[in-house]
Amino acid sequence: MRIYNTLTGKKEPFEPLEPGKVGMYVCGVTVYDHCHIGHARSAIVFDVIRKYFRYCGYDVTYVRNFTDIDDKIINRAKQEGIPWNEVARKYTDEFRKDMGLLGVEPADVEPLATEHMQEIIDMIKVLEEKGYAYAVNGDVYFLTRKFDGYGKLSKRDLDDLMAGARVEVNEAKRDPLDFALWKASKEGEPAWESPWGPGRPGWHIECSAMSSKHLGQSFDIHGGGADLTFPHHENEIAQSEATHGKRFVRYWVHNGFITVDKEKMSKSLGNFFTIKEILERFDPEVVRFFLLSTHYRSPIEFSDEQLKEAEVSLDRYYTTSWRLSGILATASKKERSTPEEKVFDGMCSGFDDRFRAAMDDDFNTAQAIGVIFEFIREVNRYLDSKPSGESLLERVRRAKDILEGVGRVLGLFARTPEDWYRVLLNSRKVPMDEAGILSAIDERKQARANKDWDRADRIRNELLDAGILLEDRPDRTDWKVKV
RNA sequence: GGCGACGUACCCAAGUGGUAAGGGAGAGGUCUGCAAAACCUUUAUUCAGCGGUUCGAAUCCGCUCGUCGCCUCCA
């Protein structure tokens, strides 16, 4: 397995710190607002990475934090007129709900900053003792220039940063590059007791404190959105390595952005869509499929057209899946082999290797999906050759196992085709229910029996106008939602 | 200004040294009462442009053009 490491800028062979085990920490969200699709991308990407490690037999410990105390939360509380911890709880719940719908499993550990004050304070104390931190009027700052290697993750030179001159001006700092480890709280703001007076942690320190508590001072994978590379992750490295005197993280993994009209989706530009808004129009599995159909480090252009394409692709999967379950329900006993089964068997045997080859190459889900669709074509080709009997049933079961197995890694394909079409009935706002469709099909069946093709076609067209597509089979007529 | 990405068919998108995956759309065909679905054939001698390295480059190097990101909270 090879993973692209932001630290080295290269794909590197993955070698865990401890054989058979993987420790991964991913920066979660600051819970002060609804999540948008960009948050979903990060969550889904790392969910798949974690599932794939597991699929490969690793014992994974996945930690993803919630930043539940921060200036943005305090501001939001003022706006909404509710206590800050109420804001944090509300949006933490929303996050969990959104992610649950998108098929993102909870992390093994989901630490909160507010529940790790002791660890945070202890860490700052060590930094102070070692001369990496200094206190000024109740604030504590990290002495950036003292840490040798600052900038190694984001490839920045300290003097270039200075030249950028966009570093905030703060008289209390000895150096503009220094960043806050601890911030004194003003009257009325949430505060925790500390050796420097009442205050709250700076943003970066919580991740350093919580990751080392739950995964150790060194661990395998640290992830997050590409925008966290600087300064957040750079600062984490400085704090953690200064504290512990050893390498913090082995592989830094960053996901790319979602763009709208080629521009990064962001709060400040106002060009973002919340997960909730999107799920009103599209099925969560469609969203998930869409996000996994591009490599995790590339930008993804977000649009309804793109989501629709993802829906069509997923429909192709479910159409085949539907065919497979139909065969299990009706196949005849009479044994009939076909020449196509040889290619089919070869495709089945080779599938796992090809899937792994894609995923082993820096979690290339886009390529993996390509492998899945090649397999689907082969399945259909085999079925088109009209085999029957027990060997057909065995092959159908094998194909289903393969597709469902790979679906579990990607967090896709978990439903029955019937459920898929029922859900589409709603999301596509089809003005008919299942009973109405079935009675129309029945009516058409009569017309067809009488060879009244005009009437049969009229009924079919009416259904099509409503968004329902009919498929005549030798023994029955099936319906599906047109995508 | 500094640093870093990216530019593959009509659209989306894999491919980081060995001769262009996959999905959609288009065209033709098989099947069908007709359709739909599925399958088959077809659609990039070519990977922004120009040079260079190499037996060989979309893949490595340089330059040019274009787009974007980070440098400030950000997934």
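Values below: all heavy atoms of this structure, side chains included; hydrogens, waters and symmetry mates excluded. Chain A is the first sequence line, chain B the second, and so forth, proteins listed ahead of strands; every chain is numbered from 1.
- The side chain of A:Arg460 places no N or O atom within less than 4.0 Å of a non-bridging phosphate oxygen (OP1 or OP2) of B:A36.
- Counting non-hydrogen atoms of other residues, nucleotides and ligands closer than 6.0 Å to NZ of A:Lys51 gives a total above 12.
- Taking atom NE2 of A:His36 as the reference point, atom P of B:C73 lies 16 Å away to the nearest angstrom.
- Between B:C73 and B:C12, the distance separating the two C1' atoms is 32 Å to the nearest Å.
- Between A:Tyr91 and A:His34, the ring planes are perpendicular. Angles over 60° get that label, and only those under 30° would be called parallel.
- Going from the C1' atom of B:G33 to that of B:A44 covers 41 Å, rounded to whole Å.
- A tilted orientation is assigned to the rings of A:Phe14 and A:Phe53, their planes being inclined by 30° to 60°.
- Ring pair A:Phe413/A:Tyr317 is parallel by interplanar angle, where below 30° counts as parallel and above 60° as perpendicular.
- Using a 30° and 60° split on the angle between ring planes, A:Phe219 and A:Tyr25 fall in the tilted class, from 30° to 60°.
- In this structure, A:Arg316 reaches the B:G23 phosphate: one of its side-chain N or O atoms is under 4.0 Å from OP1 or OP2.
- A distance of about 26 Å separates the P atoms of B:U59 and B:G23, rounded to the whole Å.
- Ring-to-base geometry places A:Trp453 in a stacked arrangement with B:G33 (centre distance under 5.5 Å, plane angle under 30°).
- Using a 4.0 Å heavy-atom distance criterion, A:Gly225 is classed as a sugar-phosphate-only contact.
- The residue among A:Val371 and A:Thr319 whose nearest nucleotide of RNA chain B is located toward the 5' end is A:Val371.
- Cation-pi contact between A:Lys11 and A:Tyr4: absent, since separation from the ring centre below 6.0 Å together with deviation from the ring axis within 45° is not met.
- Side-chain atoms of A:Glu340 never come within 3.5 Å of backbone atoms of A:Leu383 as a donor-acceptor pair (strictly under, hydrogens ignored).
- Considering only side-chain atoms of A:Asp361, the nucleotide from B:C71, B:C73, B:G15 that sits closest is B:G15.
- Nucleotides B:G56 and B:U16 have their C1' atoms positioned 15 Å apart, rounded to a whole Å.
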Assess whether side-chain contact (heavy atoms from CB on, under 4.5 Å) is satisfied between A:Arg455 and A:Arg460, documenting all intermediate values.
CA-CA 9 Å; A:Arg455 186 158 164 242; A:Arg460 184 170 62 197; over 6 Å; no

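- Below 30°, between 30° and 60°, or above 60°: for A:His254 and A:His233 the angle between ring planes is between 30° and 60°, a tilted geometry.
- Judged by distance alone, with hydrogens and angles left aside, the side-chain atoms of A:Asp68 form a donor-acceptor pair with the main-chain N or O of A:Thr114 at under 3.5 Å.
- Candidate nucleotides B:C70, B:A75, B:C34 were compared by shortest atom distance to the side chain of A:Arg156, and B:C70 ranks first.
- Listed pair A:Lys264 / B:C70 meets the phosphate criterion, a side-chain N or O lying under 4.0 Å from OP1 or OP2.
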Fill in the dot-bracket string of RNA chain B, one character per base: . for unpaired, | for a pair to another strand, ( ) or [ ] for pairs within the strand, taking Watson-Crick or G-U pairs under 3.5 Å.
((((((((.[[[..)..(...]]].(((((.......))))).....[[[[[..)....]]]]])))))))....

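- Remark: the separation of the P atoms in B:G24 and B:C74 is 40 Å, to the nearest Å.
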Letter by letter from the 5' end, nucleotides 8-14 of chain B scores (B base, S sugar-phosphate only, - none; protein heavy atoms under 4.0 Å) ---BSSS

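- Comparing the C1' positions of B:U53 and B:C60 gives an interatomic distance of 8 Å, to the nearest angstrom.
- Both tests pass for A:Arg156 against the ring of A:Phe230: distance under 6.0 Å to the centre and angle within 45° of the axis.
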Apply side-chain contact (heavy atoms from CB on, under 4.5 Å) to A:Ile258 and A:Glu301, showing your working.
CA-CA 6 Å; A:Ile258 293 184; A:Glu301 173 71 11; over 6 Å; no

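- Annotation: of the two residues near RNA chain B, A:Glu374 and A:Ser268, the 5′-most nearest-nucleotide partner is A:Glu374.
- Using C1' as the reference atom, B:G66 and B:G29 are 42 Å apart when rounded to the nearest Å.
- At the phosphate of B:C74, OP1 or OP2 sits under 4.0 Å from a side-chain N or O atom of A:Trp203.
- Applying the 3.5 Å distance criterion, the base of B:C73 shares no donor-acceptor pair with the side chain of A:Asp70.
- Between B:G22 and A:Arg377, a contact under 4.0 Å exists linking OP1 or OP2 to a side-chain N or O.
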Heteroatom pairs (N/O) under 3.5 angstrom, protein to nucleotides 57-62 of chain B:
none

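- The separation of B:A9 from B:C70, taken at their C1' atoms, amounts to 32 Å, rounded to a whole angstrom.
- Judged by the 6.0 Å and 45° rule, A:Lys480 forms no cation-pi pair with A:Tyr421.
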